[in-house]
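Data block below; observations after.
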Amino acid sequence: MTDKRIFLSLPQLSGEEQKYIQKALDDNWITSGGPNVNDFENDLQEFLQDDVSVAALNSGTSAIHLALILLGVKAEDEVICQSMTFSASANPILYQKAIPVFVDSEGETWNICPQNLEIAIKDRIAKGKKPKAIIAVHLYGMPYKVDEVHAVANKYEIPVIEDSAEALGSHYKGKKCGTFGTFGIFSFNGNKIITTSSGGALISHAKNLKEKAIFYATQSRDEAIHYQHSEIGYNYRMSNVCAGIGRGQMKILDANLKVKKQIHDFYVSVFKDIKGITVFENLNTDYDSNYWLTTILIEPGQNRNRTILLQAFEEKNIESRPLWKPMHLQPLFSQYPYYGSTVSENLFEKGLCLPSGTSLSSSEKARIKEVVNQLFQI
Ligand SMILES: *Cc1c(COP(=O)(O)O)cnc(C)c1O
């Protein structure tokens, strides 16, 4: 008999979700927007502090799309995007018929490289177009080099969209990720640190930007007693039922963040004596990753590489997965400009994401440890 599958990251419920969902049903308020949505926005606002405005939406992808729209990105405009990320960071650029310009990562946070970012900006300007926005990502919850990246962005006066889909609860120099950019975005998809089944949020620093985002997210209705529209609208608002799940999930956010760190510590101990394998960690005390997923790099050697370990886990019904495949290597995006070398490509070839769900039990940890110990004969 095979053991039960251990997944990368499963949602965990607090038990309080039902209460808020029931309230939505009792109130017969099951459309988009509503009391749970407002309260969930307030919960997030309180969590993030820094006086941000939060617009709850139906996905993180919608949040990125609306950020681009609010920044005035149009057809043929250029938008810089970190290459090493999930495709949802870059797809909204194409929704606007704009042109993605991809930039490599640095090897310390695995996120957008400030030097290559500046090279890219200078070259695009020299070629005749200043990029309209920069999409930087806190991959796997690890903050990008915020000071360096924003210094470059400020120098050329280009707004930053901070893709914090994976980084709720991460900090850089004590400040919460998602609050640094002109816009920040979060995802509450089922695999993220908390979930609303499907959902996202757009973070801004002005109430009028939040209101404008909600205007676009609810079909761009002009003020009139009939349906009147002068701009393209979208159906991107979060539903009151989903926000009910979100309200319940906020109750366990802090606890989840603690467990994610314990899971990371567990993997540090599992791999500490294994040559050629490094667990991805905070660069220094400026960085505080939420360790949404714990990831490792495997330097290929005798009987040791990414695929061997992945298959050994798979044989024991344990899910692991290569790191995100960089966008400039994806068939969809390969014809667009790319600046950098092979940092993200190397990460993709050597990296593996490990099971990091907050419900990971001690017996499941033991199964994981045993695979590693057997493979490396410890
Ligand atoms: C999950 C994710 C998104 C998209 O969020 P959805 O809510 O699934 O639309 C965007 N960027 C990154 C880096 C993600 O991991």
Side-chain angles (χ1 to χ4, degrees), residues 7-11 32 37 40 44 54-69 79-96 100 102-103 105 109-112 133-144 149 160-170 177-178 180-181 183-203 213 217 234-239 242-243 245-246 249 260 280 289-295 321-328 330 332-333 344 347-348 351 353 356-357:
F7 291 96
L8 267 195
S9 182
L10 283 182
S32 64
V37 176
F40 182 53
L44 283 169
V54 180
L57 302 170
N58 64 359
S59 75
T61 311
S62 320
I64 297 172
H65 190 197
L66 289 185
L68 293 173
I69 292 167
V79 175
I80 290 182
C81 185
Q82 179 169 322
S83 182
M84 178 118 186
T85 186
F86 177 49
S87 65
S89 303
N91 276 329
I93 303 171
L94 298 186
Y95 300 168
Q96 287 305 95
F102 293 108
V103 172
S105 292
T109 76
W110 300 1
N111 294 310
I112 194 163
I134 296 163
I135 301 173
V137 189
H138 305 295
L139 220 56
Y140 304 111
M142 181 62 72
Y144 59 77
V149 168
V160 175
I161 299 170
E162 199 191 341
D163 183 342
S164 300
E166 303 172 2
L168 185 65
S170 297
C177 287
F180 294 102
F183 291 103
I185 77 100
F186 289 105
S187 166
F188 309 114
N189 198 11
N191 58 347
K192 298 289 162 46
I193 204 124
I194 61 164
T195 185
T196 58
S197 75
S198 172
L202 181 69
I203 312 304
Y234 302 86
N235 186 2
Y236 280 175
R237 191 74 162 130
M238 182 177 279
S239 94
C242 291
I245 302 175
Q249 288 275 288
K260 290 282 185 188
F280 185 39
S289 172
N290 65 8
Y291 293 125
W292 168 57
L293 293 183
T294 293
T295 55
R321 196 180 294 157
L323 303 185
W324 300 124
K325 181 176 179 178
M327 293 304 112
H328 72 280
Q330 300 282 359
L332 174 64
F333 292 115
S344 57
L347 291 170
F348 169 59
C353 302
S356 309

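Both ligands and their constituent atoms are indexed starting at 1 by order of listing. Nothing fancy with the numbering, it's 1 onward along the sequence. It should be emphasised that the depicted structure is a prediction, and the values quoted were computed from it without experimental measurement.
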Show which atoms of ligand 1 fall inside a sub-4.0 Å distance from at least one heavy-atom site of Thr61. 4 (C), 5 (O), 6 (P), 9 (O)

Heavy-atom distances under 4.0 Å are what count here, so tell me which part of Asp163 touches ligand 1: side chain, backbone, both or neither. side chain

Which atoms of ligand 1 are found less than 4.0 Å from any heavy atom of Ser59? 7 (O), 9 (O)

Check the orientation of Trp324 and Tyr140. Use parallel for under 30°, tilted for 30 to 60°, and perpendicular for over 60°. parallel

Look at ligand 1 and say whether Gly199 reaches it with a heavy atom at a distance under 4.0 Å. yes

Work out whether the distance between some heavy atom of Gly200 and some atom of ligand 1 is less than 4.0 Å. no

For ligand 1, which part of Ala165 has a heavy atom less than 4.0 Å away: the side chain, the backbone, both, or neither? side chain

Ala88 heavy atoms, cut-off 4.0 Å: which ligand 1 atoms fall inside? 3 (C), 4 (C), 10 (C)

Does any N or O atom in Lys192 lie less than 3.5 angstrom from one in ligand 1, N or O only? yes

Within the 4.0 Å heavy-atom cut-off, what Asn191 brings close to ligand 1 is neither

Check whether any N or O atom of Leu139, backbone or side chain, sits under 3.5 Å from an N or O atom of ligand 1, and answer yes or no. no

Under 4.0 Å to a heavy atom of Val137 - the qualifying atoms of ligand 1, by number: 13 (C)

Return the orientation label for the Tyr95 and His65 ring planes: parallel under 30°, perpendicular over 60°, tilted otherwise. perpendicular

Hey, which atoms in ligand 1 end up nearer than 4.0 Å to a heavy atom of Thr85? 13 (C)

How far apart are the closest heavy atoms of Ala63 and Leu57, and which atoms are they? CA-CD1, 3.5 Å

Centres of the Phe333 and Phe102 rings: under 6.0 Å? yes

To the nearest 0.1 Å, how far is atom 13 (C) of ligand 1 from its closest protein heavy atom, and which atom is that? Glu166 OE2, 3.3 Å

For atom 8 (O) of ligand 1, what's the nearest protein heavy-atom neighbour? Residue, atom name and distance, please. Asn189 ND2, 3.4 Å

Among Tyr291, Trp292, Tyr144, Phe186, ring-ring contact (aromatic ring centres under 6.0 Å, His included) partner for His138: Tyr144

Answer yes or no: is there a donor N or O on one side and an acceptor on the other, between the side chain of Ser170 and the main chain of Gly141, under 3.5 Å? yes

How close do Pro100 and Ile93 get, counting heavy atoms only, and between which atoms? N-CG2, 3.7 Å

Within a distance under 4.0 Å of any heavy atom of Ser89, pick out the atoms of ligand 1 and give their elements. 11 (N), 13 (C)

For Thr196, does its backbone N or O pair with a side-chain atom of Gln249 as donor and acceptor, under 3.5 Å? no

Inter-residue atom distance Cys177.SG - Glu166.CD, 0.5 Å rounding: 11.5 Å

For the side chain of Asn58 and the backbone of Asn235, is there at least one donor-acceptor N/O pair under 3.5 Å apart? yes

Test your reading of the structure: does Trp292 have an N or O sitting under 3.5 Å from an N or O of ligand 1? no

